[in-house]
**Q** 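Below you will find the structure I want to go over with you.
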Amino acid sequence: MFDTIDDLEPGQRLLVRVDLNAPVEDGRGQDNRRFARHADSIRALLEDDHAVTVMAHQGRPGRDTFISLESHAEILADHLDRPVDFVADTYGEEALEAIDDLETGDVLVLENVRMCEDELPEKDPEEHADSEFVRTLAPHFDAYVNDAYSAAHRAHASLVGFPLVMDAYAGPVMDAEYTANSAIQDREFDGPVTMVLGGTKAEDLIPVIEQVDETVDRFCLGGIVGELFLRAAGHDVGYDVDGTEFFDHQWDDHADTIERILETYGDRLTLATDLAYEGDDGDRAEVDVEDLEKDTSYLDVGSDTADAYADLVRDSEAVFVKGALGVFEDERFADGTVEVLRAIAETDCFSVVGGGDTSRAIKMYGLDEADFSHVSIAGGAYVRALTGDTLVGVEVLEREA
Ligand SMILES: Nc1ncnc2c1ncn2[C@@H]1O[C@H](COP(=O)(O)OP(=O)(O)OP(=O)(O)O)[C@@H](O)[C@H]1O
Ligand SMILES: O=C(O)[C@H](O)COP(=O)(O)O
């Protein structure tokens, strides 16, 4: 296990890696659950009289979302209800001066760390630790805190380089996410364990089904992923319609694996028995899977399926959710996702809900986050944790502890 911020002496100068990677609109970062969670961590550090320098990334070079963190610093200031400084530099003179000027209780956000050449190549921690970026910045701090669980699957300098040359600690978000998301490997559950898999990314979820086969008793499938499995089971669904680009390429790449999984784990996979679509009058309509039509867009699981999945959830000791069962952003097609989430909230099973989009459904439909054991702010890192893969950023913290 790693050291946490409870192991830190008060009053230190800290370099704190968080994950504020956010949707971008009109060139500005948009508030999301990540800001609130990391603001809680920073508040806890300020209460212990630390001076906090925040390091984070936004987007990837070449994409529209690759922007400065200036707007992120403003959002963070709103959450913290105190001034947060921003410097448009990461380890040059300007940044070092701003860092050295920090006093107890101050918060400074450095520029998007992916704007540094040394950050991005996936490399060994040892190589990153020897980069100019890490060697220049590290001596200006007493310790390093990694709170960026949702980026911990990336072997980037800001995540794996610093722990080798500094005292390193896990932040509260890192600690909570790691404990909850690894529960599937570490915890012994007495009763049935159910995994609800949906959303759009079949290629991410296929390895999950294969690798947690020892621990999970049943999988409830929906969303695009569920439709691809229905196609493999011989139903007329899972084809791109009206220019969508969800199905055909995933089918071309993964049909053999999906068919094999269906054959191997068939008795544990629950597929939809009915689906919902937009009827001629614009309302939600439903159809039995035996009567599906290839050229219809199906946008949710049907009510019989939602009821059956909710019953399975109520009978579970633990439930892990990744991906939505339908297009819940449209109220007409939210029933499957919301009925399952409501069933989880009403029972006292151990529950983790993950995926950036999927977890938004909780707030959108008036459910209380406190009724879930854990709501993850991670996407890719959550999936990896479910499959039992180690996260390199966590591994380095553990090794150096
Ligand atoms: N039948 C469907 N047709 C089209 N979109 C669907 C369908 N079912 C679910 N979705 C979409 O799936 C999305 C959620 O799944 P997605 O795989 O994008 O991510 P996620 O689980 O939120 O996580 P991540 O953080 O990895 O992106 C929702 O926005 C929902 O609209
Ligand atoms: O948003 C995320 O999932 C993390 O911040 C990682 O971002 P990345 O996929 O661009 O590395």
Side-chain angles (χ1 to χ4, degrees), residues 1-21 34 37-38 41-42 44-45 48 50-57 69 90-91 95-96 99 102 107-182 377-378 380-382 384-385 389-401:
M1 197 60 187
F2 37 60
D3 292 329
T4 71
I5 61 165
D6 294 336
D7 301 306
L8 267 170
E9 292 294 321
Q12 312 259 327
R13 308 180 65 74
L14 301 179
L15 178 61
V16 183
R17 176 59 157 104
V18 299
D19 185 2
L20 301 177
N21 200 21
R34 288 180 175 169
R37 294 273 176 94
H38 288 301
S41 300
I42 293 169
L45 292 169
D48 277 342
H50 300 298
V52 173
T53 297
V54 174
M55 184 162 65
H57 73 275
L69 292 187
T90 314
Y91 67 100
L96 298 180
I99 292 166
L102 286 184
V107 184
L108 169 72
V109 175
L110 300 177
E111 184 54 288
N112 185 348
V113 76
R114 288 190 177 172
M115 291 180 180
C116 300
E117 238 175 72
D118 284 346
E119 167 70 358
L120 273 176
E122 294 258 341
K123 282 194 213 163
D124 289 341
E126 288 70 17
E127 267 185 82
H128 273 310
D130 198 33
S131 66
E132 192 190 336
F133 165 41
V134 172
R135 279 189 289 110
T136 307
L137 213 45
H140 292 262
F141 299 93
D142 300 318
Y144 166 86
V145 175
N146 189 352
D147 209 28
Y149 176 85
S150 45
H153 52 308
R154 307 284 182 220
H156 297 160
S158 64
L159 296 151
V160 301
F162 290 98
L164 267 59
V165 295
M166 298 167 75
D167 288 343
Y169 302 82
V173 170
M174 168 71 81
D175 194 14
E177 289 266 9
Y178 177 72
T179 308
N181 300 345
S182 315
I377 53 172
Y382 173 61
R384 277 176 217 223
D389 281 356
T390 51
L391 305 177
V392 60
V394 175
E395 216 170 39
V396 177
L397 284 182
E398 289 182 326
R399 202 173 73 198
E400 298 298 314

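Scope of the values below: all heavy atoms of this structure, side chains included, with no hydrogens, waters or symmetry mates.
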**Q** Is there a donor-acceptor contact under 3.5 Å from the side chain of D130 to the main chain of E127?
**A**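 Flag not set: sc D130 to bb E127 has no pair under 3.5 Å.
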**Q** For the atom pair CG (L159) and OH (Y144), what is the distance rounded to the nearest 0.5 Å?
**A**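 One finds 5.0 Å between CG of L159 and OH of Y144.
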**Q** Under 6.0 Å between ring centres: does that hold for F162 and F141?
**A**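 They do not qualify: ring centres at least 6.0 Å apart.
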**Q** So which heavy atom on H50 is nearest to which on L45, and how close?
**A**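 Distance-wise, the nearest heavy atoms are CD2-O, 3.1 Å.
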**Q** Working note: R135 + V165, criterion side-chain contact (heavy atoms from CB on, under 4.5 Å); need CA distance, chi angles, decisive distance, verdict.
**A** CA-CA 8 Å; R135 279 189 289 110; V165 295; 6.0 Å; no
**Q** Would you find a donor on one side and an acceptor on the other, under 3.5 Å apart, between the side chain of E119 and the backbone of S158?
**A**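 Answer holds: yes.
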**Q** Mind checking the CG-CD1 spacing from N146 to I5? Nearest 0.5 Å is all I need.
**A**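 N146 CG to I5 CD1: 12.5 Å, rounded to 0.5 Å.
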**Q** Please find the pair of heavy atoms, one from A168 and one from L397, that lie closest to each other, and give the distance.
**A**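 Smallest heavy-atom distance, with atoms named: CB-CD2, 3.8 Å.
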**Q** Under 3.5 Å, side chain of D19 to main-chain N/O of N21, donor-acceptor pair present?
**A**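 Answer holds: yes.
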**Q** Give a yes or no on whether the backbone of A155 and the side-chain of H128 come within a donor-acceptor separation of less than 3.5 Å.
**A**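 Here the side-chain-to-backbone pair exists.
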**Q** Between T90 and N112, which heavy-atom pair has the shortest distance, and what is it?
**A**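 Taking T90 first and N112 second, the nearest heavy atoms are OG1-O, 4.2 Å.
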**Q** Applying side chain to side chain contact (heavy atoms under 4.5 Å, CB included) between R17 and each of T53, V145, V54, V113, report the one that passes.
**A**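 Testing each of T53, V145, V54, V113 against R17, the sole residue satisfying side chain to side chain contact (heavy atoms under 4.5 Å, CB included) is V113.
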**Q** Ignoring hydrogens and geometry, is there a side-chain-to-backbone donor-acceptor pair from D124 to E126 under 3.5 Å?
**A**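 Flag not set: sc D124 to bb E126 has no pair under 3.5 Å.
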**Q** Where do L8 and A143 come nearest, in terms of heavy atoms and distance?
**A**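 Nearest pair, atom of L8 first, then A143: CD2-CB, 4.0 Å.
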**Q** Is any side-chain heavy atom of E132 closer than 4.5 Å to a side-chain heavy atom of Y91?
**A**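 In short, these two side chains touch, coming nearer than 4.5 Å.
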**Q** Which atoms form the tightest heavy-atom contact between A129 and L164, and what is the distance?
**A**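 Heavy atoms only, the tightest pair is CB-CB, 3.8 Å.
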**Q** Please confirm whether the backbone N or O of I377 pairs with a side-chain atom of R34, one donor and one acceptor, at under 3.5 Å?
**A**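 Indeed, once roles are kept as given, a pair shorter than 3.5 Å links the two residues.
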**Q** Counting only N and O atoms by type, is there a donor-acceptor contact under 3.5 Å from the side chain of R13 to the main-chain atoms of L102?
**A**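 Yes, the answer is positive, given that a donor and an acceptor are paired below the 3.5 Å cut-off.
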**Q** Between L110 and I99, does a side-chain contact (heavy atoms from CB on, under 4.5 Å) hold up when you go through it step by step?
**A** CA-CA 9 Å; L110 300 177; I99 292 166; 4.1 Å; yes
**Q** Do we see a donor-acceptor contact under 3.5 Å between the side chains of Q12 and Y169?
**A**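 Note: Q12 and Y169 side chains miss the donor-acceptor criterion.
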**Q** Does anything in residues 165-182 pair up under salt bridge (charged side-chain N to carboxylate O under 4.0 Å, His left out), and if so which pairs, sequence neighbours excluded?
**A**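 Listed by first then second residue: nothing to list.
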**Q** Apply side-chain contact (heavy atoms from CB on, under 4.5 Å) to the pair E398 and Y178, showing each step before the final yes or no.
**A** CA-CA 12 Å; E398 289 182 326; Y178 177 72; 3.2 Å; yes
**Q** Ignoring hydrogens and geometry, is there a side-chain-to-backbone donor-acceptor pair from N181 to A385 under 3.5 Å?
**A**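 No; zero donor-acceptor contacts below 3.5 Å.
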**Q** Taking side chain as C-beta onward, heavy atoms only, is D389 less than 4.5 Å from H153?
**A**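 Not in contact.
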**Q** Return yes if some donor-acceptor pair links the side-chain N/O of H156 with the main-chain N/O of L120 below 3.5 Å, else return no.
**A**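 Yes, because the side chain of H156 sits within donor-acceptor range (under 3.5 Å) of the backbone of L120.
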**Q** Ignoring hydrogens, what is the shortest heavy-atom contact between S131 and D118? Give both atom names and the distance.
**A**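 Scanning both residues, the minimum pair turns out to be CB-OD2, 3.6 Å.
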**Q** Can you check whether V173's main-chain N or O pairs, donor with acceptor, with D147's side chain at less than 3.5 Å?
**A**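 A pair under 3.5 Å: yes.
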**Q** A side-chain contact here means heavy atoms from C-beta on lying under 4.5 Å apart; do P125 and R399 qualify?
**A**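 Answer yes - side chains close enough.
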